[in-house]
Each structure stands twice: as C-alpha cells, then as structure tokens.
Amino acid sequence: NVPCRYQNELIEYAVVGRYSGLEMASAKDTFFMLLHQHALSWARAPAACLNFNCMLILLPVCRNLLSFLRGSIQCCSRTAARQLDRNLTFHKLVAYMIAFHTAVHIIAHLFNFEYFMDAQLNRNHSHLPFILSEIGNDENVSFLNPIRSNETSPTIVMFTTIAGLTGVVITLALILIITSSMEVIRRSYFEVFWYTHHLFVIFFIGLVFHGFGRIVRGQTSRSLDSNDPDVCADRFEDWGKNESGCAVPAFAGNPPMTWKWVVGPMFLYVCERLVRIYRSHQKVVITKVVMHPSKTLELQMKKKGFHMEVGQYVFIQCPSISRLEWHPFTLTSAPEEDYFSVHVRIVGDWTQALYEACGGNKSELQEAWKLPKVAIDGPFGTASEDVFRYEVVMLVGAGIGVTPFASILKSVWYNKGIEDETWLDLSIYFYWLCPETEAFEWFADLLQSLERQMTEKDMADFLSYNIYLTRWKEKEAAHLRVHHEDENDPITGLKQKTLYGKPNWDNEFTNIASTHPGSKVGVFLCGPPMLGKSLEKQSISHTEAGVKFIFNKENF
C-alpha cells in the first residue's frame, strides 16, 4: 500500500530501538528511510559487527585469563588448548575486521550527511524530505534531520555533536593503532608500537559515548498510532489538520547499545591490569648476570612464590628505563632450578639500555647493589608446555628462538635418570638453525652436558640434535675445513658435527615417521613465519601410515 516512489527506500531499512519505554518503528518507517536512503543499512550493519568485534578484541590479550583457561581445559581437550596459543593471531584478525567495518560505517554516514544536507537545501514545500527536515524547529519538538539549517555544513555537525566528535577521535586512534602495529614498525620501533597501542583506552571511551548523541532517529510507536507512514506518507501537506487524520510525526533517537557489548570485556581487562600491577610490586632479585657472545644477556633472578613450567614466558619491566614498557621473554631455566632466567638479545633501544644498566658495556664487574630493579609479570603458558605429552617430539629453533627449548632440554637433563614413563619413552629430535657462529656459544654448554650425560648412561638414542649454520664467512669456512676431522666440532665443541645450509625437512619428517610408526609426533617451532609455514605443510603431508604430526608454533 506504500506509494511506488517510496518503495525503494523501504527495501534496505531495518532498525529497532526503544525510547522512553516505547518501541520505535521497524521496517515501515518510510520517513526515516527517505532521509537516509540505502546508506542507513550500510551504516547500521557494520556498526553491529563493530560492537561484536570490539567485545572480542580485548579477550585475547587477557593473559592471566588465557592461562587459567588453558590449564582448565588442558585435561579435556588438547586441541582447544592449542587454539588458545593462537591468541595474538585471533587478536589481529579481529582488529582487521574492526578496521574494515569502521571504514564501511564512515563512508555510509558520509552519504547520510549528504542526504541530510540535500533535504535542507532543496527548500520545496511539496518535497517530503524537506517537510521532514523542518520538523523539530518548534520548542519541545523532536527532530529527524540532525542538520537543522541550510546554512549549517556537515563539517560543523561533525565537530559539534557527540557522535561526530567521538567518531573523529576513535577513527584517528584506530588509524594510529593499526599503522604502528605493522611488523616493520613493531620490530624496528617497538616503543612507538607500545605507546600508540595504548590509545585503545581512548578508542573504547569514544566508542561507548558515540551513540549518546542519538543522531540515528526513528518514529516512536506512539506517533505511529496517529501517523501511519503507509497511510500518511502521501498526505504530508495536511499533517496536523483534524480532517486529515494524520498528526505531525514524532521522532526519537536510538538508545546507545555499545556499552552493553563491551562492559564485560572491559571489566575483565581492568581486573587483568590490576593483577599485573600487584605482580609488578613484588620484589625481584637479580642473582647473576652473564654476558654471552653475540650480544646476548642472561639474567638469573629469584622471586618469592614464583613457580614455572617448561616453555613458559614472562614480561619484564625495568623502571629505570621505562615505567610503562613491558617486554616478553621466554624462560630459559628449568622448573627444577632454584632460580629463573631469561636470555635477552640486544636488538633495540630498550634491550640496549638494559644491557648497559647491567654493566654489559663495562670491563669491570658490576656490584650487586648497582644492578637495576626489575618487575616480573607471569609466568604465562605456551604451546611448549605440552612437549612432554608426546612420545616423540621435534623441537625446531631459529637463532634466539632456541630459548623455549633451553628450558625443555634443561628439564630433561635433570629428570632423565628418574624411572618414570614420561622420561623412559621420550624421544627428542632437536634442530637449531643459526646464522652466526657466535650465537652457538651460550647454548653449547647445555648441549655438552646433555651429550656427556647420554654417553655415560648409554642413552645416545634419546636425544638426536642437529645444529645448522645457515651463513658463514670465507675465513670461517677455511678454519672449519682444517678442523673437520677433529673429534669434537670446532664451533660447538660437541661430538655431533655442525651441518651447513638448511635442513631438508621432507627427508627429516620421512625418517622420523619410519622410525616411530603409529606415534603422535609433536612438532614445536620458535622461529620466523616462513619456516612455520614450511613445517606446517610438512606436518600435514607426512601425517599418514599411522603417524600423526601435530604442529605447534610459539609466538616469535
């Protein structure tokens, strides 16, 4: 029954809200659609998706919550626990969706403002959009068109209304957050990434208040009783006259709904931060500082009540360097040791400052009381915690990515003599890919201890380790050729000789599959994404003949 000239405007319209306890009009609110046209649906649908994604975006970075969930579901579903290890990947995917829906939402509202302005500029009393725009000029009468005059520009409305101002603020915050999160910025200028990422506080505050201006408006259900759009749309010239039966329509804004979506995650995140603040005030003592070759700093520390598992990581803050920055480091100590340690590769401003604060640039010994104070948050669980749940394990580390496996191998070193099924049936295949010979030195002592212990206890088959040098200089190559026939490797001092180049992963997976038929093999990687893709592909292609390779990747 709607006149033909209004039918197209009805196709895309769908909005339901409440105002003063009265339900607003739904799909037959022709007046609303006449001003917005098709842009309304293109604005409202992404807005609903934004609410949902903004509800999810904080959950993957609630580390204590994830650690609790991981420990709770570990006994029930190992697969579900592995999904929690991909929290940062999920966080990035949700962020991409927020960026996409924000762009669509903004573009749609730009069209909306053009339609609003056109309705005011076309001052034709036989033109229904203009009549609708004039509603609200009298006192105590609600309006439909937020642009109240033909002399008002959309730019003024954008910067003088709650929706416009908060929209500009949260858009700018989102642009800064996303651009500074690019990998090249994150790796080269971590401080820029760290500080701009905390603009999410402004983003969420603006998001919650964005709908308080109630610019998106619709006809109230009470007004529908006296002005049904199906009947009155083509009688607008007689609105308000008794004989017409059509009163002047009344409009109201949709109540803000975003806060209902984000209040829960925001509460959880606030609790997360309070836990971190409490942990940051617990005393940490640096018991030993070791300067390794290739600019790698080892910190051995103690903290009351600190308990760890293999492969876990902590966040470290050094107040003398920055009171806001927390940086993640994998624990390289074993749970059996009476201290916990991290190895820090000096690659940026913060790590360089820590290196100097610990006396790394000085030739004399640093007194204990001159060592910097540090705060520790953690430990937090990773995929490496599951390493002892498999009978056969492949550990693949690249460069400093060997650190989570240092903890694992140390724990093995402490427990291999114990008569326990966990250790008796375990087979480990360890691969370390490194571009520099100096980087081998800090880890070689542990491997030498393991090699010596395996020789003494006749357990040579328990640990198979392969060390690959991926780059070398001509002078190094000449030295290696001269000493190639030595009993121990000239680089690592191990009986197992260093290999050169990169592994043939297809051969490695095939050999393991043939050696351990019918086994589940856990493949653990801490390394760059390209290596991860290669290992994951190999894990899938070699899962046959009763052997199942399960790929697990650490955040690198």
Side-chain angles (χ1 to χ4, degrees), residues 78 82 85-86 88-89 296 310-313 329-332 343 345 382-413 426-437 439-440 442-444 446-447 450-451 461-471 491-492 494 496-516 519-543 547-556:
R78 190 183 302 174
R82 284 203 306 273
D85 297 328
R86 301 180 181 180
L88 292 183
T89 301
T296 300
V310 295
Q312 292 186 326
Y313 68 98
F329 294 97
T330 303
L331 292 167
T332 53
H343 283 71
R345 187 176 59 173
T382 66
S384 295
E385 284 187 82
D386 299 337
V387 68
F388 297 132
R389 294 177 178 269
Y390 298 92
E391 294 180 3
V392 183
V393 177
M394 286 182 67
L395 306 178
V396 182
I400 198 67
V402 75
T403 49
F405 308 134
S407 175
I408 294 169
L409 294 179
K410 280 185 179 181
S411 186
V412 169
W413 189 85
L426 182 65
S427 295
I428 298 177
Y429 294 84
F430 174 61
Y431 301 85
W432 188 13
L433 287 65
C434 214
E436 300 172 344
T437 56
F440 290 122
W442 73 269
F443 197 54
L446 172 62
L447 291 177
L450 280 170
E451 189 177 62
D461 296 334
F462 150 67
L463 173 64
S464 172
Y465 56 96
N466 298 280
I467 301 175
Y468 290 83
L469 183 63
T470 57
R471 291 199 302 265
I491 298 177
T492 62
L494 297 167
Q496 173 69 42
K497 296 300 178 67
T498 298
L499 305 172
Y500 304 97
K502 296 180 180 180
N504 184 325
W505 292 116
D506 184 63
N507 289 344
E508 297 296 333
F509 275 77
T510 300
N511 291 337
I512 292 174
S514 60
T515 306
H516 304 277
S519 300
K520 282 188 178 181
V521 182
V523 182
F524 294 85
L525 165 71
C526 188
M530 289 301 296
L531 180 57
K533 291 179 181 178
S534 175
L535 291 179
E536 187 170 16
K537 183 178 179 181
Q538 292 290 341
S539 298
I540 295 171
S541 62
H542 286 83
T543 298
V547 179
K548 185 175 183 180
F549 288 89
I550 301 173
F551 180 72
N552 303 269
K553 186 180 186 304
E554 297 287 340
N555 293 320
F556 184 74

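Keep in mind that the numbers below use all heavy atoms, side chains included, and drop hydrogens, waters and symmetry copies.
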Between Leu331 and Ser407, the two heavy atoms sitting closest are O-CB, 3.4 Å

With sequence neighbours excluded, residues passing ring pair (Phe, Tyr, Trp, His ring centres under 6.0 Å) with Phe509: His542, Phe549

Counting only N and O atoms by type, is there a donor-acceptor contact under 3.5 Å from the side chain of Ser539 to the main-chain atoms of Leu535? yes

At what distance, to the nearest 0.5 angstrom, does CE of Met394 lie from CD of Glu508? 6.5 Å

To the nearest 0.5 Å, what is the distance between CG on Leu395 and CD1 on Ile408? 5.0 Å

Once you round to the nearest 0.5 Å, how far does OG1 of Thr330 lie from OH of Tyr313? 9.0 Å

Specify the closest pair of heavy atoms between Ser411 and Val310, including all atoms of both residues, with the distance to one decimal. CB-CG1, 3.6 Å

Nearest 0.5 angstrom please: Phe524 CZ to Tyr390 OH, how far? 5.0 Å

When rounded to the nearest 0.5 Å, the distance separating NZ of Lys533 from CD of Glu536 is 10.0 Å

Which class fits the ring pair His516 and Tyr429: parallel under 30°, tilted 30 to 60°, perpendicular over 60°? perpendicular

Pairwise side-chain contact, Lys502 with Tyr468, heavy-atom cut-off 4.5 Å (strictly under): no

Run the side chain to side chain contact (heavy atoms under 4.5 Å, CB included) test against Asn504 and tell me which residues pass, sequence neighbours left out. Asp506, Asn507

Could you report the tightest heavy-atom contact between Leu525 and Gly532, atom names first, then the distance? CD2-CA, 3.2 Å

